[in-house]
Protein chains: 4
Amino acid sequence: MKFHNNKPIYQQIGTVIRNDIIKEKIKSGDRMPSIREMAIELEVNPNTVNRAYADLQAEEIIFNKRGIGYFIHEKAKESIMEEEKKEFIEKKLPAIFDQMILLNINFEDLQKYYDEYKAKGGKK
Amino acid sequence: MKFHNNKPIYQQIGTVIRNDIIKEKIKSGDRMPSIREMAIELEVNPNTVNRAYADLQAEEIIFNKRGIGYFIHEKAKESIMEEEKKEFIEKKLPAIFDQMILLNINFEDLQKYYDEYKAKGGKK
Amino acid sequence: MKFHNNKPIYQQIGTVIRNDIIKEKIKSGDRMPSIREMAIELEVNPNTVNRAYADLQAEEIIFNKRGIGYFIHEKAKESIMEEEKKEFIEKKLPAIFDQMILLNINFEDLQKYYDEYKAKGGKK
Amino acid sequence: MKFHNNKPIYQQIGTVIRNDIIKEKIKSGDRMPSIREMAIELEVNPNTVNRAYADLQAEEIIFNKRGIGYFIHEKAKESIMEEEKKEFIEKKLPAIFDQMILLNINFEDLQKYYDEYKAKGGKK
DNA sequence: GTGGTCTAGACCACC
DNA sequence: GTGGTCTAGACCACA
């Protein structure tokens with residue numbers, strides 16, 4: 001897997017996993033690949049996967065059964081979506097709107113870009 | 001001046017200057033404060049300001065007259081706005097739209113948040 | 001390593017590396033010595049090497065893998081040669097020819113100097 | 001007058017004067033503009049012109065009559081040409097030839113570029 | 001281990 | 001006065 005270089009890899013891994021949960025590629029109760037498996041698959045240092053898992057555990061998205069592995073929490077999807085929605089509305093959107101003002105972009109323009117986006121296929 | 005901790009100071013300085021140019025607080029042809037003056041004002045090491053200025057010079061936003069100081073380029077405002085607009089439309093917006101889909105937020109919701117944002121005063 | 005005094009050290013380091021790439025002493029995909037290793041080898045401050053590497057990265061000659069080190073880009077050699085050839089033909093040669101006219105040196109003279117150069121061994 | 005930023009202005013002034021002498025725009029015995037006049041004409045600090053003149057004086061290209069001004073030396077043109085020719089042949093040409101080898105440019109190519117240069121007008 | 005940032009302080013060339 | 005470079009040393013995040 002290719003990672004970009006402007007964010008820590010362990011965060012990028014976390015994001016991928018969170019997105020997979022939202023998209024229901026992986027679901028509550030599923031067992032995560034072991035740290036080593038994941039490390040090999042992603043061509044990444046196991047420490048890095050470890051850190052990604054640790055963070056997800058701290059967010060109560062996954063949990064660890066000693067000697068067995070990591071599993072997806074009940075309600076993982078719901079709590080991720082709630083968390084990210086909050087972040088999105090309270091942090092990202094205001095920043096976007098601030099920049100729109102600075103760049104002289106109004107809401108009609110935004111609508112136009114949204115239409116273009118949908119036309120082009122939207123979800124990649 | 002207070003800087004937040006998740007971005008390098010020299011980048012934050014660059015951003016402030018770029019925004020000041022967009023807002024026309026400083027204009028084409030103006031002389032920038034000298035590196036040392038700026039360093040004192042921002043309570044920062046001169047090297048840090050130096051790096052911020054060097055980056056802006058590489059972006060052709062400011063230029064240097066030997067032994068005299070840094071000056072704002074002709075067209076600085078235009079080129080900054082063009083650059084940032086491009087970044088905004090090609091990078092940030094698609095990411096936002098992607099996330100909207102993921103989080104099940106539709107355009108009507110976006111409109112609603114925008115109205116709230118405007119009501120609250122918009123520009124901080 | 002000895003540096004001359006009329007150019008910044010970090011630029012001289014960059015030039016040495018670029019030439020090593022052209023001469024294929026180092027090749028695409030190779031890992032560069034770490035900043036600290038290089039600093040010790042060149043008897044120079046790590047910050048200086050850092051700056052040299054940063055510039056090469058900006059030119060897309062080397063790139064960074066987080067926590068691992070710097071590596072030579074694919075196409076590094078090609079892009080360097082293209083770039084330098086352009087510089088040579090569009091900037092240096094015309095300056096040389098201008099000066100030849102000023103100094104009353106014609107092309108036959110140039111040929112003579114070239115022959116002498118080859119006779120003396122050419123490449124140092 | 002516009003100066004480029006990669007060489008000290010006082011050196012650029014010196015070069016212009018030397019070239020004017022070679023081109024016989026100014027000749028042996030002529031009086032140079034006073035430092036102040038020159039500074040105003042070039043939109044430059046008088047100190048800068050002063051330094052340029054000082055260097056030319058050290059090279060025995062101009063000399064100073066106290067209270068009267070600076071004058072072009074006898075033999076100024078000859079000595080400049082001799083000096084620059086030496087520099088050109090011993091320093092610049094070998095560097096050019098070195099780079100040609102590195103960039104895989106042979107003498108036939110050089111000939112071709114020279115022909116193109118002459119075709120395009122040569123002396124600017 | 002890796003690189004990135006920042007500080008403090010020095011020295012220098014230039015205007 | 002201006003900026004540019006370099007050093008020494010520190011601290012941090014990341015793999």
Side-chain angles (χ1 to χ4, degrees), chain A residues 3 5-13 35 39 42-52 54-55, chain B residues 3 5-13 31-39 42-57 62-71, chain C residues 3 5-13 31-39 42-57 62-71, chain D residues 3 5-13 35 39 42-52 54-55:
Chain A
F3 298 99
N5 225 352
N6 48 353
K7 263 197 185 178
I9 292 175
Y10 76 91
Q11 284 180 16
Q12 297 182 51
I13 295 173
I35 289 183
L42 301 180
E43 296 174 345
V44 135
N45 191 304
N47 288 327
T48 307
V49 178
N50 187 34
R51 179 151 184 195
D55 283 6
Chain B
F3 297 100
N5 219 0
N6 49 348
K7 264 198 183 180
I9 294 176
Y10 71 88
Q11 285 181 14
Q12 297 182 50
I13 295 173
R31 182 179 174 279
M32 298 291 297
S34 82
I35 288 182
R36 300 190 232 262
E37 285 166 6
M38 187 68 108
L42 301 180
E43 294 173 349
V44 134
N45 189 290
N47 284 326
T48 305
V49 178
N50 185 21
R51 178 152 187 196
Y53 278 20
D55 285 3
L56 291 171
Q57 186 174 35
I62 62 180
F63 66 95
N64 181 274
K65 286 191 194 171
R66 304 182 65 126
I68 301 179
Y70 280 95
F71 295 80
Chain C
F3 297 100
N5 219 355
N6 49 349
K7 263 197 184 179
I9 294 175
Y10 71 88
Q11 284 182 14
Q12 297 182 50
I13 295 173
R31 184 179 172 279
M32 297 292 298
S34 83
I35 288 182
R36 301 190 233 261
E37 285 166 7
M38 186 68 109
L42 301 180
E43 295 173 347
V44 132
N45 189 289
N47 283 326
T48 306
V49 178
N50 185 20
R51 179 153 185 195
Y53 279 19
D55 284 3
L56 291 171
Q57 186 173 35
I62 62 180
F63 66 94
N64 182 274
K65 285 191 195 169
R66 304 181 67 125
I68 302 180
Y70 281 95
F71 295 80
Chain D
F3 298 99
N5 226 352
N6 47 353
K7 264 197 184 178
I9 293 176
Y10 75 93
Q11 284 181 15
Q12 297 183 52
I13 294 173
I35 288 183
L42 301 178
E43 294 174 348
V44 136
N45 191 303
N47 289 326
T48 306
V49 178
N50 186 34
R51 180 151 184 196
D55 283 6

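Chain A is the first sequence line, chain B the second, and so forth, proteins listed ahead of strands; every chain is numbered from 1.
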Keeping the roles fixed (side chain from Gln11(C), backbone from Pro8(C)), state whether a donor-acceptor pair exists under 3.5 Å. no
Checking the side chain of Arg31(B) only, and the main-chain atoms of Gly69(B) only, is there a donor and an acceptor separated by less than 3.5 Å? no
Counterpart residues, side-chain hydrogen bond (donor to acceptor under 3.5 Å, both in side chains), relative to [X] (two or more places apart):
{"X": "Asp55(C)", "answer": "none"}
{"X": "Asn50(D)", "answer": "none"}
{"X": "Tyr10(A)", "answer": "Arg51(A)"}

Within 45 degrees of the ring normal and closer than 6.0 Å to the centroid, is that where the cationic atom of Lys65(B) sits relative to Phe71(B)? yes
Between [X] and [Y], which heavy-atom pair has the shortest distance, and what is it?
{"X": "Lys7(D)", "Y": "Gln12(D)", "result": "O-NE2, 2.7 Å"}
{"X": "Val44(D)", "Y": "Thr48(D)", "result": "CG1-CB, 3.6 Å"}
{"X": "Leu42(A)", "Y": "Phe3(A)", "result": "O-CE1, 4.0 Å"}
{"X": "Tyr53(C)", "Y": "Ile62(C)", "result": "O-CD1, 3.5 Å"}

Whole-Å distance separating the CG atom of Asn5(D) from the C1' atom of dC15(E): 12 Å
Which nucleotides of DNA chain E pair, in dot-bracket form (Watson-Crick or G-U under 3.5 Å, | meaning another strand): ||||||||||||||.
Judged by each residue's nearest nucleotide on DNA chain F, which is more toward the 5′ side, Lys65(B) or Gln12(C)? Lys65(B)
It should be established whether Tyr10(D) places a side-chain nitrogen or oxygen under 4.0 Å from OP1 or OP2 of nucleotide dC14(E). yes
Find which nucleotide of DNA chain E each of Asn64(C) and Ile9(B) is nearest to by heavy atoms, and output the residue with the more 5' nucleotide. Asn64(C)
On DNA chain E, more 5' by nearest nucleotide between Glu43(B) and Ser34(C) is Ser34(C)
Report, as yes or no, whether the 6.0 Å neighbourhood of atom CG on Asn6(D) holds more than 12 heavy atoms from other residues, nucleotides or ligands. yes
Contact interval (first through last nucleotide) of DNA chain F with protein chain B, 4.0 Å heavy-atom: dG1(F) to dC6(F)
Got a sec? Which of residues 44-53 of chain B come in under 4.0 Å of DNA chain F, heavy atoms? Asn47(B), Asn50(B)
